[in-house]
Amino acid sequence: MEKFDVIVVGSGLAGLTAGLEISEEGKSVLVIEKNKVLGGRTSSWNEDGMIVESGFHRHIGYYKKMSEVLQKVGVDVDDIVQWEEKVDIRIKGKNENAVFGISPIFGPIATIKGALGNNDILSLNDKLSLIAFFTNGFLHYIKNPDELDQLSVRDYAKKFELSENALHYAIIPLSAGIFFLPPERYSAKVFFGLFLPGIPRFYKMRIGGYLGGMTDILATPIANAIKMRDGIIRVNTKVNRLLVEEGEVKGVLLEEQTKIYADYVVVAANLAGAKAILKDDFSTHPAFSDMFQLPTMPAVTIQMEFSEPILPYDRTTFTPLTSIASLAEQSRSTFTHVPGRLSLILTPPEKFLPMQPEEILKIVQQDGRELGLDLESGLTNYRVVSHPEEFHSLEPNHDHLRPDQQTPIKRLVLAGDYTRQPFFATMEGAVISGMKAAELVLGKSIL
Ligand SMILES: Cc1cc2nc3c(=O)[nH]c(=O)nc-3n(C[C@H](O)[C@H](O)[C@H](O)COP(=O)(O)OP(=O)(O)OC[C@H]3O[C@@H](n4cnc5c(N)ncnc54)[C@H](O)[C@@H]3O)c2cc1C
């Protein structure tokens, strides 16, 4: 009979963080991952000769816990990201980009220039209405975040009479670019809440594109550190359900029907995965009823290789009023082995989920034409990567359904970006949830 102190289900950042923190305390840890690669939504792999990833990610300069976890396994964030102090907004029908500085400390001139310039896109009135919108949103979040969850970003914009221009060229790019959703489907709580933790650390603000595939630079170093502490990582292994005896969790049952026992099980799967693991034993348990009601939402990305770079620099670009939420050239940062590499995240994701890759390619190429980008002539390879149920819904009235890491079931702990923590569905949020799960297992504070 195989037995561990702790089984962690899922090798995303939440599961790996929990596994690392727990194994550091001398406990025997088994991490079980159903996929063949580590990293969950922060993974990269070779798909029939093309290196693809779960989707292009940006490391936000004010992420703290994620940087600390990486530091612990010998990875300095500055060595694995290419920092950007600016973002571009590319407007349909205009063959040019508006450039906005986002980093008051690392790129003060660009930040001032971006705020004072770009007047043909955002007039002084548009900018003033944006300042009022954000100030009110942040204050509202501090006073009553749950009330804010009843409104969408578009409702909030209407309430504060945000100008149409500001909505189109600032809020739509931000809402689609960050969580792939149009403002009418995006909870105002999630929208303002995501920026808020950055305010006390505004001096750290900039965004980083990774210098390599995420499985190699994020997941593998953490997994190796777990192994160095005698932990075991098993990929290609799916957990079917929990082993529950007399109301206590005793371990897990694998798909191939093997039982593995443990003193604690940390379910660090994505929301749909966690529901599937828990459903036989707890779908009617009142403590899990909110979690079972919390809907999931998809994400769809297309990753394209070209005979030469499409953009003159690797920078996050928002493209409002198109089906592309955001895009980034990556051939000088993440995927330097190819001459041109563009990664695009699509919006709204549900529209693309049932489509064939060729159909998606055509839509993206058409949008590219309207954005002044030729995504046809030099195309050498492409892949569509879909995440049908990987996110929890960020739509209004859903945030209160997110569960805590602690459950009333003895020896069962949850982790994952959908569990309650202040960074919503982000890498930092996943890491914090993993630390909170480890605290519950270890019975001591580590955050
Ligand atoms: C396209 C895209 C772009 C993103 N951009 C950003 C960004 O720019 N910045 C940012 O901070 N965040 C971004 N995110 C969000 C970020 O990736 C996630 O918030 C974070 O990675 C979630 O980690 P997690 O560990 O909670 O879940 P996951 O990474 O989903 O890990 C869960 C793991 O559990 C495994 N699993 C599920 N069921 C089972 C089972 N039965 N048995 C065994 N294993 C199981 C899964 O295979 C998976 O590996 C993005 C996500 C996507 C998809």
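As the structure lists them, so they are numbered: ligands from 1, and atoms in each ligand from 1. Because the structure is a prediction, the values reported are computed rather than measured.
Protein residues are said to neighbour a ligand when one of their heavy atoms lies under 4.0 Å from it; for ligand 1 these are Val9, Gly10, Ser11, Gly12, Leu13, Ala14, Ile32, Glu33, Lys34, Asn35, Gly39, Gly40, Arg41, Thr42, Ser54, Gly55, Phe56, His57, Arg58, Tyr63, Phe180, Thr237, Lys238, Val239, Ala268, Ala269, Asn270, Gly273, Ile277, Thr301, Ile345, His387, Phe391, Gly416, Asp417, Ala425, Thr426, Met427, Ala430.
Between Tyr62 and Phe423, the ring planes are tilted. Angles from 30° to 60° get that label. Relative orientation of the Phe133 and Phe191 rings is tilted, given thresholds of 30° and 60° on the angle between their planes. Under the 30°/60° scheme for interplanar angles, the aromatic rings of Phe134 and Phe138 are found to be tilted.
Partners of Asp149 by salt bridge (Lys or Arg N to Asp or Glu O under 4.0 Å), not counting sequence neighbours: none found. Residues meeting the side chain to side chain contact (heavy atoms under 4.5 Å, CB included) test with Lys444, sequence neighbours left out: Glu25, Leu442, Ile446.
For the side chain to side chain donor-acceptor pair (under 3.5 Å) condition, the pairs that include at least one residue of residues 201-222, sequence neighbours left out, are His59-Tyr210.
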